[in-house]
Amino acid sequence: MKKPIIVLIRQDLRLHDHPALYHASEGGAVIPLYIHDESREGTGEAKRWWLYRNLLQFQQSLQSIGGTLFIDKGKLEDKLPEWIKKSGAQAVYWNRVYEPDTFGKDKKLAEDLHAQGITVKTFEGALLLPPWTIKKEDGSPYKVYTSYYKALRKKEIPKPVPNVTRFDGPSNLESPLSLKDLNLKPDIEWYKVMEAIWEPGEAAAIRRLKRFIGEINQYDDGRDHPAKGFHSTLSPYLAIGAISVRSVFHYVSDRVNEHTEPFIKQLIWRDFSYSVLMHFPRSMHEPIHAKFKEFQWEEDSEDWDSWIKGQTGYPIVDAGMRELWATGFMHNRVRMITASFLTKHLLIPWQKGADWFLDTLIDADLANNTMGWQWVAGSGLDSSPYFRIFNPTLQSEKFDGAGEYIRKWVPELKHLTDKYIHSPSTAPEEVMKDAGITLGEDYPAPIVDHKAARKRALERFEDIK
Ligand SMILES: Cc1cc2nc3c(=O)[nH]c(=O)nc-3n(C[C@H](O)[C@H](O)[C@H](O)COP(=O)(O)OP(=O)(O)OC[C@H]3O[C@@H](n4cnc5c(N)ncnc54)[C@H](O)[C@@H]3O)c2cc1C
């Protein structure tokens, strides 16, 4: 009888396009093993809840085809050798994880296992193409997104591997832990709104993709408008691996029409983020452009509290921060506005904002989050220039003209006219009275003045230029 193969389950909680699981299941008994490591970066409170829900779904999917999810906790490098010993496995397969710390540890582990005669096979399950395949002619990584995009677009994207439909598990092993033992589900039920919005699992992800495709012709114009909902909301599923990016790419491309490219471009931003993170691993914590190391930030805890609570007096910022807190998600345009406000109007370090996002987003993703924050702060590759400082009121007027998004998340302003909902502090007394709002009581006055904040930010930038 063939010895079993261990498949490490990480950010790939699905049976479709799961190369490691698929190839292992062709070769005999398989042990799908999830080892929870508490020290892993990027799994904040909201993502832990999402992880729990998706692990539960994945466990059920595996059971439906005769498999078992084996669960353990600790450090992979300590636990995996124990599992190899007790199961008599001859091989370990995994889909590569391109987070620098994990990738480095995986590489070392693979070398150690090879030395002990254990076969290790690794597969592409996270990106359209492995990060090292898109490089300049001289072998250096691309630093500009458009060049990366053009280079990737010339390559063939491999088709997804077939779904895993049957499974042989080992007969002599039991999971030492249950999902509950991982304590991922919070004791206090603060996640009720999230639970009502986000359905876990690959079937839900595929349904979302299909629904989105029906409206993809509206994506290019509509994606920047938070109230319109023309974006895919697939990021939570991509982040946890409930859907594979290659499946999304081919599903969209196979239904070719001229409206798909703006969406494909965003999927390629995701690949680009990973390429940048892999080549600049310190960028998670440090600005890529070294001059920003000298930038003089403020550490004002009152401003910070106003930002995280959605009480800045700038309705679009407050709507975004409240959406994030309630749903574990925030629209991309609003992520840019809130992040810009924190780093440029309040001069609070982007790293602090990035950590908050990682703690509160269910789609928390080390590469995309780092890219997003460095882009906004002006310190990353191919970033928005520092001197381009978003005016939150103008952004709000442009992308939420009728104030629908604001009314949803800042309900105390819902009776304000469209004209003043973006900037209540400029509304005449009568208008505020009619809307039933007293500034400073029902809704805060702006915590900073836009013009003064802009000037202060530009002066700080001058200091490091
Ligand atoms: C400050 C900041 C922080 C961010 N943090 C994260 C994060 O932690 N996790 C995360 O997945 N995305 C992050 N993003 C990127 C982007 O906001 C989200 O991917 C997007 O809002 C998800 O919504 P969607 O699935 O409807 O996107 P769609 O517009 O439908 O795009 C489809 C997919 O493309 C990818 N994508 C879209 N925009 C970007 C982008 N700007 N950069 C990289 N990939 C992108 C995502 O995987 C997304 O699901 C961040 C952006 C900013 C500005």
Side-chain angles (χ1 to χ4, degrees), residues 11 41-44 46-47 50 99 126-128 145 148-149 197-198 205 208-209 211-213 215-216 218-226 228-249 251-252 259-277 284 307 317 320-321 323-324 327-344 348 350-384 390 395:
Q11 294 165 12
E41 261 189 294
T43 311
K47 181 102 176 264
W50 185 235
E99 290 168 0
L127 300 179
L128 295 167
Y145 166 75
Y148 186 91
Y149 161 76
I197 300 173
W198 300 107
R208 231 166 239 259
L209 172 63
R211 206 164 49 227
F212 167 68
I213 296 294
E215 295 186 328
I216 199 166
Q218 319 242 39
Y219 179 78
D220 198 16
D221 289 337
R223 60 181 287 264
D224 265 324
H225 298 263
K228 296 223 166 103
F230 290 133
H231 53 107
S232 71
T233 61
L234 282 173
S235 54
Y237 299 93
L238 286 165
I240 209 92
I243 197 163
S244 92
V245 70
R246 289 194 308 210
S247 314
V248 176
F249 175 89
Y251 192 87
V252 172
H259 299 295
T260 56
E261 202 57 24
F263 178 69
I264 302 268
K265 277 189 173 157
Q266 294 311 117
L267 297 180
I268 297 175
W269 263 107
R270 182 174 173 275
D271 266 46
F272 180 58
S273 301
Y274 272 97
S275 168
V276 173
L277 188 63
M284 236 155 52
W307 184 76
V317 174
M321 296 309 293
E323 180 190 20
L324 174 62
T327 68
F329 184 85
M330 193 198 292
H331 183 275
N332 180 58
R333 171 59 50 182
V334 192
R335 290 187 205 207
M336 292 196 278
I337 299 170
T338 53
S340 173
F341 189 82
L342 185 79
T343 53
K344 294 180 179 170
I348 293 180
W350 63 265
Q351 293 92 330
K352 201 167 169 183
D355 282 350
W356 179 256
F357 270 29
L358 287 180
D359 204 23
T360 49
L361 282 169
I362 61 165
D363 69 14
D365 176 296
L366 291 183
N368 280 1
N369 196 49
T370 303
M371 167 68 80
W373 279 94
Q374 292 245 19
W375 187 92
V376 169
S379 58
L381 296 182
D382 204 7
S383 285
S384 169
F390 278 165
Q395 288 282 314

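For ligands, and for the atoms within them, numbers begin at 1 and follow the listed sequence. No hydrogens, no waters, no symmetry mates; every other heavy atom, side chains included, goes into these values.
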Separation of Ser273 OG from Leu366 CG (nearest 0.5 Å):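 Here the rounded value is 11.0 Å.
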If you measure from OG1 on Thr260 to NZ on Lys265, what distance do you get to the nearest 0.5 Å?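 So the gap between those two atoms works out to 10.5 Å.
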What part of [X], side chain, backbone, both or neither, has a heavy atom within less than 4.0 angstrom of ligand 1?
X      : answer
Ala364 : backbone
Phe212 : neither
Trp375 : neither
Leu361 : side chain
Leu267 : both

Beyond-backbone contact of Trp375 with Met336, side-chain heavy atoms, under 4.5 angstrom: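 Heavy-atom side-chain distance check passes, below 4.5 Å.
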Taking the six-membered ring of Phe390 (Phe, Tyr or Trp), confirm whether the NZ or CZ of Lys344 is under 6.0 Å from its centre and within 45° of its axis.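 So Lys344 doesn't make the cation-pi contact.
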Not counting sequence neighbours, which residues clear ring-ring contact (aromatic ring centres under 6.0 Å, His included) with Tyr148? List them please.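 Counting only residues at least two positions away or on another chain, Tyr148 forms a ring-ring contact (aromatic ring centres under 6.0 Å, His included) with Phe272.
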Using heavy atoms and a 4.0 Å limit, tell me yes or no: is Met336 in contact with ligand 1?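 True for this residue.
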Is Phe329 in contact with ligand 1, taking contact as a heavy-atom separation below 4.0 Å?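 Yes, that is the case, since the closest heavy atom of the residue is under 4.0 Å from the ligand.
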Return the residue, atom name and 0.1 Å-rounded distance of the protein heavy atom closest to [atom].
atom                    : answer
atom 2 (C) of ligand 1  : Gly372 CA, 3.7 Å
atom 9 (N) of ligand 1  : Asp363 O, 2.9 Å
atom 24 (P) of ligand 1 : Thr233 N, 3.6 Å
atom 42 (N) of ligand 1 : Trp269 CB, 3.8 Å
atom 8 (O) of ligand 1  : Asp365 N, 3.1 Å
atom 27 (O) of ligand 1 : Ser232 OG, 4.1 Å
atom 32 (C) of ligand 1 : Phe263 CE1, 3.3 Å
atom 50 (C) of ligand 1 : Arg335 CD, 3.7 Å

Answer yes or no: is there a donor N or O on one side and an acceptor on the other, between the side chain of [X] and the main chain of [Y], under 3.5 Å?
X      : Y      : value
Ser340 : Ile337 : no
Asp363 : Ala239 : no
Lys47  : Ala364 : yes
Trp198 : Gly328 : no

Quick test of your reading of the structure: of [options], whose heavy atom lies closest to [atom]?
atom                    : options                        : value
atom 17 (O) of ligand 1 : Asn368, Asn332, Asp224, Leu209 : Asn332
atom 34 (O) of ligand 1 : Met330, Gln266, Gln374         : Gln266
atom 4 (C) of ligand 1  : Asn369, Ile362, Thr370, Thr338 : Asn369

Look only at interatomic distance and state if [X] has a nitrogen or oxygen under 3.5 Å from any nitrogen or oxygen of ligand 1.
X      : value
Tyr219 : yes
Ser235 : yes
Ser273 : no
Leu234 : yes

Would you say the ring centroid of Phe341 lies under 6.0 angstrom from that of Trp307?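 Aromatic pair excluded; centres sit 6.0 Å or further apart.
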Compute the ring centroids of Phe263 and Tyr219, then answer whether they are less than 6.0 Å apart.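 Ring centroids of Phe263 and Tyr219 are less than 6.0 Å from each other.
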Of all heavy-atom pairs between Leu234 and Leu209, which one has the smallest distance, and what is that distance?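 So the minimum-distance heavy-atom pair works out to CD1-CD1, 3.8 Å.
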Is there a donor-acceptor contact under 3.5 Å linking the side chains of Thr233 and Arg208?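 Yes, side-chain donor-acceptor contact under 3.5 Å.
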Qualifying residues under side chain to side chain contact (heavy atoms under 4.5 Å, CB included), relative to Glu323, sequence neighbours excluded: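 Glu323: side chain to side chain contact (heavy atoms under 4.5 Å, CB included) contacts with Thr327, Phe329, Met330, His331, Tyr405, Trp409.
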Against heavy atoms of Leu238, which atoms of ligand 1 measure under 4.0 Å?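 Answer, ordered by atom number: 47 (O), 49 (O).
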Using a 4.0 Å cut-off to any heavy atom of Arg270, which atoms of ligand 1 qualify?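 Checking each atom against Arg270, I get 43 (C), 44 (N), 47 (O).
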